[in-house]
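Note that this is a predicted model, so its numbers are computed, not measured. Lettering of chains follows the sequences in order, A, B, ..., and the numbering in each one begins at 1.
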2 protein chains.
Amino acid sequence: MDETRPRTNRHAGLEPDEVLDRALTLVEVEGADALTMRRLASELGVATTSIYWHVGNREQLVTAMVRRHGLRLAEAPIVGDTPRQRVLAVARLIWEGALADREVTRLASAHGLSSLHAQRLELAMARELQEAGVVGESARDALRAITACVGGFIIAALLDDALPTDHRRSSVLAHLEDPGLDPATHSALATNSHLPSLFDTTLRTVVDSLVPADLSANAYL
Amino acid sequence: MDETRPRTNRHAGLEPDEVLDRALTLVEVEGADALTMRRLASELGVATTSIYWHVGNREQLVTAMVRRHGLRLAEAPIVGDTPRQRVLAVARLIWEGALADREVTRLASAHGLSSLHAQRLELAMARELQEAGVVGESARDALRAITACVGGFIIAALLDDALPTDHRRSSVLAHLEDPGLDPATHSALATNSHLPSLFDTTLRTVVDSLVPADLSANAYL
DNA sequence: ACCTGAACACCGTTCAAGT
DNA sequence: ACCTGAACACCGTTCAAGT
């Protein structure tokens, strides 16, 4: 009986969390561009201007959405036997989490909030780096380098599925006239790399170059 | 006498290239957000709708701008003694070119045109990879991995100067409560990495893992 | 062929006004 | 304290009309 309260004048029951959740599902379902103050308001059955009272303007809304989504991402468990493996595992969590809800990631990226989006997972990575003996400025730089590469692969993946199949990113290059380019290379450029495995090998290389191999594993035996 | 033609009715002398150049300098000087059909038109001393006749709608305008700017970037010479060094040199050219005109890069990124922006330099990298003996799918994957990392560093650099000094990206992490985080790491997170040198070491690692060391240099002696 | 102004359908945001 | 409608200042885009 009370599952549908009138949602009219005088306390429509608009809690900020409800606004954020509806906004997030709206973005995930209909894309980042669908997020409009008017559209979100109609989704909530409320006047457009009510949103301003509860969550502020559009920038504040998006910031709160990204922070909230980032908290969910950090709930995943970090698996791995050595600190080095767990650093790589956190990198994979950022990558997989970003691609699982691409539209939210796209929204965060468009507003320069990618670092806020991955904030908690980056903190987790900092802890794993510490476990591996990487602290201070080395930890800061390692974190920065790893997350930069992860972010680059994420936007590469987002670009791939944004374009229609006939002129994907790869073929942008393939359509160029080639002065002496190997035909095998030229035809390969018309196809897409398998990004997940490319991500894995590349980030393992980067992580391995920044994080020392696990010594304590033997030290305790 | 004829240096300032009336620029009125009946052929105002609007050539597409002029439109693109004005649009590019507008973006570089006043930022990507300043690029508006109305604003650009007033900059050209022309009605807003004239732009549509010459360069099409906004998306076509931006695409042409990015392509044009990308051509300029590819004019820089590629220096280096070995193919491996030249691959890294091209990566540096993409990085430096993107940061030299950050607002254009931001515009390209916002419209998913980063790959178009770096198109010619990526083709140059493909040639250097071929010189190093990397062809076919290996070349495609190497190109993809390298440009992904380069792109990640670029957006990281763009984020850094977008934020005011008091809450830069780094301190986003530093402001978190730290459950057992090393104090040296915590305070280091409040400072910024030196991105150019971090870019250099990281990309050298990635390139070295994908491009075999130069053998022909000795082979010819 | 080229350029214009008016008009349309959107935005985000403010604010006085209601209860 | 919470919610509303009207209004403002912007957008991109279309199109009939001019020369």
For nucleotides 5-8 of chain C, which of its nitrogen or oxygen atoms have a protein nitrogen or oxygen under 3.5 Å away, and what is each distance?
from, atom 1, to, atom 2, distance (Å)
dG5(C), O6, T49(B), OG1, 3.0

In whole angstroms, how far is the [atom2] atom of [N] from the [atom1] atom of [X]?
| X | N | atom1 | atom2 | answer |
| --- | --- | --- | --- | --- |
| E15(A) | dA1(D) | CD | P | 18 Å |
| L35(B) | dC10(D) | CG | P | 17 Å |
| D33(A) | dG12(C) | CG | C1' | 15 Å |

Among all residues two or more places apart in sequence or in another chain, which pass the side-chain hydrogen bond (donor to acceptor under 3.5 Å, both in side chains) test with [X]?
| X | value |
| --- | --- |
| R127(A) | none |
| R120(B) | none |
| R72(A) | D21(A) |
| Q130(A) | none |

Among residues two or more places apart or on two chains, list those pairs meeting ring-ring contact (aromatic ring centres under 6.0 Å, His included) that have a residue in residues 104-123 of chain A.
H69(A)-H117(A)
Pairs involving residues 22-48 of chain A, ordered by first then second residue, that meet ring-ring contact (aromatic ring centres under 6.0 Å, His included) (sequence neighbours left out)
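Found none.
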Taking only residues at least two apart or on different chains, which pairs with a member in residues 180-190 of chain B satisfy side-chain hydrogen bond (donor to acceptor under 3.5 Å, both in side chains)?
none
Is there any side-chain hydrogen bond (donor to acceptor under 3.5 Å, both in side chains) pair reaching into residues 40-54 of chain B, and which pairs are they, with sequence neighbours excluded?
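side-chain hydrogen bond (donor to acceptor under 3.5 Å, both in side chains) check on residues 40-54 of chain B returns R39(B)-E43(B).
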Considering just the side-chain nitrogens and oxygens of S50(B), establish if one lies under 4.0 Å of OP1 or OP2 belonging to dT4(C).
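Answer is yes, contact under 4.0 Å.
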Approximate separation, where rounding is to 0.5 Å, of L129(B) CG and E122(B) CD
10.5 Å
Sorted by number, the residues of residues 51-62 of chain A with heavy-atom contact under 4.0 Å to DNA chain D:
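DNA chain D contact set from residues 51-62 of chain A: W53(A), H54(A).
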If the condition is ring-ring contact (aromatic ring centres under 6.0 Å, His included), which residues does F199(B) pass it with, not counting sequence neighbours?
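In terms of ring-ring contact (aromatic ring centres under 6.0 Å, His included), with neighbours along the sequence ignored, F199(B) is linked to W95(B), F153(B).
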Identify the stems formed by DNA chain D, where each pair is Watson-Crick or G-U wobble with both distances under 3.5 angstrom and a stem is at least 3 consecutive pairs.
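Result, WC/G-U stems under 3.5 Å: C:4-8 with D:12-16, C:12-16 with D:4-8.
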